[in-house]
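First up is the structure itself, then whatever we jot down about it.
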Amino acid sequence: MRYSILMEPARHIRNLTLIGFMGTGKSTVGRLAADHLHFTFLDTDDVIRGRAQAEIAEIFKQHGEPAFREMERKMVEELTRRTKTVISTGGGLPAIQSNLDSLKSHSLVVCLWASPEKIWQRVRGQTHRPLLNEPDPLAKINELLAARAPFYRQADVLINTEFRSLREVSQQVLHQFQVAQRAAQGSMHPPAQFP
Ligand code: S3P
């Protein structure tokens, strides 16, 4: 695990946001963390699906990916007004720098990580992810992950999910959130690196 939050005095940690590639467990971990913290849980894909009254794959098909990204951008704007919320984002949402910067303005941003092979193992057989409806999904995962890695690496905390249960991952997320909240309140300074 890597922990590298730089706590400038201006940093506000009102929410906890989970980012990461499809299939890394963001929604499951987010729900567990929200239960524990007594926070509201919000999944950006669920909200977009509810508002559009359509599945994500349908939105991609009918309106195209740019329209979906615009819906995500609007969601990100609305999220700045949230408090005590655990937010699970779609995998591509933080790969736009302004989205990521906005999330960091109110949240501790935690990225869940897994290798392309592990991701493929977890998502194969699922059909609701339009970006992976490709002749060679593993190649697509590799390509997208490489393009998004520079954004995912900007998370405050990066947790490898491959060798842990999602319950263990959620415990680590909660621990990091508590440390970050205390640090933001000025009671302690977190280490620059947390093994
Ligand atoms: C996407 C990830 C999906 C969903 C959409 C696009 C992506 O969310 O937002 O299919 O670009 O990686 P999950 O990461 O929750 O699967």
Side-chain angles (χ1 to χ4, degrees), residues 15-34 39-79 82 85-104 107 109-155 157-162 166 169-170 173:
N15 303 306
L16 168 61
T17 294
L18 298 174
I19 64 170
F21 206 79
M22 304 173 232
T24 50
K26 289 164 292 178
S27 301
T28 307
V29 169
R31 281 200 177 86
L32 289 168
F39 277 22
T40 307
F41 175 71
L42 184 152
D43 182 310
T44 58
D45 281 346
D46 285 349
V47 176
I48 289 173
R49 239 194 317 259
R51 287 183 183 170
Q53 294 285 294
E55 292 302 319
I56 304 294
E58 203 47 39
I59 300 174
F60 269 67
K61 202 163 133 202
Q62 297 281 331
H63 307 285
E65 184 175 348
F68 175 74
R69 298 298 172 204
E70 178 56 18
M71 291 175 192
E72 286 191 320
R73 191 194 63 74
K74 285 198 180 123
M75 274 251 57
V76 166
E77 256 175 39
E78 292 173 31
L79 292 174
R82 308 267 339 178
T85 304
V86 176
I87 300 157
S88 165
T89 69
L93 183 148
I96 292 171
Q97 189 66 46
S98 53
N99 287 349
L100 185 55
D101 291 344
S102 177
L103 293 169
K104 287 177 95 173
S107 296
V109 176
V110 177
C111 178
L112 304 189
W113 184 264
S115 67
E117 293 73 24
K118 191 73 184 179
I119 289 168
W120 173 228
Q121 252 179 40
R122 289 179 182 163
V123 302
R124 67 189 307 166
Q126 301 177 349
T127 53
H128 65 278
R129 292 185 165 101
L131 290 177
L132 300 183
N133 293 338
E134 290 268 333
D136 187 349
L138 180 56
K140 186 70 184 180
I141 292 170
N142 270 293
E143 179 198 318
L144 285 173
L145 201 54
R148 291 174 182 179
F151 298 96
Y152 292 155
R153 281 203 208 97
Q154 294 177 53
V157 182
L158 200 61
I159 298 180
N160 189 336
T161 64
E162 283 194 38
L166 292 181
V169 172
S170 82
V173 168

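In this chain, residues are counted from 1 in sequence order. Counting starts at 1 for both ligands and their atoms, in listed order.
Polar contact with ligand 1: present for Arg129 (N/O pair, distance under 3.5 Å). Checked by distance only, ligand 1 and Phe21 stay at 3.5 Å or farther apart across all their nitrogen or oxygen atoms. An N or O contact shorter than 3.5 Å links Lys26 to ligand 1 by distance.
Contacts between Met71 and ligand 1, counted as non-hydrogen atom pairs separated by less than 4.0 Å, are absent for every part of the residue. When heavy-atom distances to ligand 1 are checked against a 4.0 Å cut-off, Asp43 has no atom that comes that close, whether in backbone or side chain.
The nearest heavy-atom contact from the protein to atom 2 (C) of ligand 1 is Gly91 N, 3.4 Å. Given atom 4 (C) of ligand 1, the protein heavy atom at minimum distance is Asp45 OD2, 3.2 Å. In terms of protein heavy-atom proximity, atom 10 (O) of ligand 1 is closest to Pro130 CD, 3.5 Å.
Residue Leu131 approaches ligand 1 through these ligand atoms, each under 4.0 Å from one of its heavy atoms: 7 (C), 11 (O). Atoms of ligand 1 lying under 4.0 Å from any heavy atom of Phe68, numbered from 1 in the order shown and given with element: 9 (O). Residue-ligand proximity, Arg148 to ligand 1, at heavy-atom distances under 4.0 Å covers atoms 7 (C), 11 (O), 12 (O). For ligand 1 and Ile56, the ligand atoms under 4.0 Å from any heavy atom of the residue are 5 (C), 10 (O).
Side-chain contact, Ser102 with Glu77: no donor N or O sits under 3.5 Å from an acceptor N or O. Under 3.5 Å, the side chains of Thr44 and Arg49 contain no donor-acceptor pair of N or O atoms.
Here the shortest heavy-atom pairing between Ala57 and Pro130 reads CA-CG, 3.9 Å. Scanning all heavy atoms of the two residues, the minimum distance from Arg69 to Leu93 falls at NH1-N, 4.0 Å.
Side-chain contact between Thr24 and Tyr152: absent, with no pair of heavy atoms (C-beta onward) separated by less than 4.5 Å. Counting only heavy atoms from C-beta outward, the side chains of Leu42 and Leu79 approach each other to under 4.5 Å.
A salt bridge between Arg51 and Glu78 is present, with a side-chain N of the basic residue lying under 4.0 Å from a carboxylate O of the acidic one.
Atoms NE2 and CD, on His63 and Glu58 in that order, are 8.0 Å from each other to the nearest 0.5 Å.
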